[in-house]
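In what follows, a single structure is set out as structure tokens and then discussed.
Just so you know, ligand 1 is whichever comes first in the structure, and atom 1 is the first atom listed for that ligand.
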Amino acid sequence: MSELNKIALKVLSNGKGILAADESTGTMTKRLESVNVPSSSENRLLFRETLFSSESMKKCIGGVILYDETIKQTSSSKKSIPELISDSGAVPGIKVDTGAKILTGSPDEKITEGLDGLRERLKEYYKLGARFTKWRGVYIISDKYPSKLSIHSNAHALARYSALVQECQMVPIVEPEVLMDGNHSAEDCFNKTCEVIKKCFEELIIHKIDLNGIILKPNMILAGASSDKKISNEEVAKLTLKCLKDSVPKEVPGIAFLSGGQSEKEATQNLNLINKHNDTNFIMTYSYGRALQQSALKFWSKNTQNIKGTQDVFNHRANMCSLAAKGKWSEELESK
Ligand code: 13P
């Protein structure tokens with residue numbers, strides 16, 4: 001078993017998943033301001049540290065994706081943040097892209113940047129304790145999008161990024177996110193997501209990526225957020241599995257879904273059904289941002305010194321996600 005494969009399995013196995021706490025300062029500011037908490041670096045650290053020192057970290061969280069600011073911060077217990085995470089048994093990870101910018105040639109779409117100087121930044125993150133990384137490509141759906149240009153250029157960037165990350169002995173999370181914004185059908189989401197993922201693997205193979213040492217982070221197959229043709233959770237699970245079976249090479253050890261704007265419960269319920277029906281060898285788990293943090297953030301915002309109460313809320317959410325990663329979640333457990 002390669003070292004990279006070992007890291008991927010440590011992050012994903014035994015009902016564990018990933019806590020995506022890698023919001024850029026801009027995004028984190030939006031999240032904090034939405035609950036009326038000022039976005040100071042102290043507050044950003046306090047909320048994150050509260051989650052990272054929760055009891056559920058040991059059982060439910062195999063990896064945490066950090067942002068550049070957080071990986072360099074020190075917790076109130078004087079441990080560095082990566083140390084705090086490693087001590088709970090989870091693997092520290094880091095977002096290394098520098099964001100999605102307008103795609104020249106198709107200005108309604110985005111291309112993710114961050115390749116320049118990446119090799120040097122990776123070495124620094126490795127020294128700080130990171131053992132896996134994240135890069136997100138975003139794609140919109142409409143009758144003419146995603147364009148060939150967007151599918152091709154984002155896949156190429158994801159492959160270049162992955163090659164540099166593996167060279168530095170870390171596991172790349174490959175995240176092609178087909179957004180749920182819009183009124184498209186689930187069938188459109190299925191077709192476009194399959195096309196996007198297939199192109200990513202075509203490029204990953206050209207760039208000689210060890211597929212055994214990556215984690216794929218895709219969207220689930222859903223009807224657009226403003227579509228009037230919603231499909232059932234069962235259908236979401238079946239279409240998602242079909243898309244991944246058709247598009248992902250067998251060597252990939254695991255798939256960790258993004259929540260992408262689904263509610264906490266919806267993201268949990270869909271993951272649970274995916275695991276109930278999972279007839280592949282892929283581990284299917286979570287790499288949720290909003291669907292792990294939303295309730296905890298809301299609770300914390302009422303009294304930012306209530307650490308224990310916030311951790312209880314987070315622990316419940318993480319436990320629900322972990323059960324879903326084993327196909328053992330149920331509605332009754334949710335409301336306990
Ligand atoms: P969400 O689960 O909130 O979509 O965030 C996951 C993520 O890391 C997006 O890049």
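Counted by atom type alone, D97 and Y161 present zero donor-acceptor pairs between their side chains at under 3.5 Å.
When G261, S287, G260 are checked for heavy-atom proximity to atom 4 (O) of ligand 1, G260 turns out nearest. The nearest non-hydrogen atom to atom 7 (C) of ligand 1, considering only R136, K217, R290, comes from K217.
Annotation: salt bridge (Lys or Arg N to Asp or Glu O under 4.0 Å) contacts of K298 (sequence neighbours excluded): none.
Every N/O-N/O distance between A20 and ligand 1 stays at or above 3.5 Å. The shortest N or O to N or O distance between K134 and ligand 1 is under 3.5 Å.
Nearest protein heavy-atom neighbour of atom 1 (P) of ligand 1: S259 OG, 3.3 Å. Among all non-hydrogen protein atoms, the one lying nearest atom 9 (C) of ligand 1 is E175 OE2, 3.3 Å. For atom 5 (O) of ligand 1, the closest non-hydrogen atom on the protein side is G289 N, 3.6 Å.
Proximity to Y288 (heavy-atom distance under 4.0 Å) selects the following atoms of ligand 1: 2 (O).
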Give the table of side-chain donor-acceptor pairs shorter than 3.5 Å for residues 12-20, with sequence neighbours excluded, one pair per line with atom names and distance.
residue : atom : partner : partner atom : Å
S13     : OG   : L9      : O            : 2.6
K16     : NZ   : K58     : O            : 3.3

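Here D279 pairs with K245 in a salt bridge; the nearest charged N to carboxylate O distance falls below 4.0 Å. Residues K95 and E175 are not paired through a salt bridge, judged by the lack of any N-O separation under 4.0 Å between the basic side chain and the carboxylate. Ion pair K199/E202 flagged as a salt bridge, since at least one NZ, NE, NH1 or NH2 atom sits closer than 4.0 Å to an Asp/Glu carboxylate oxygen.
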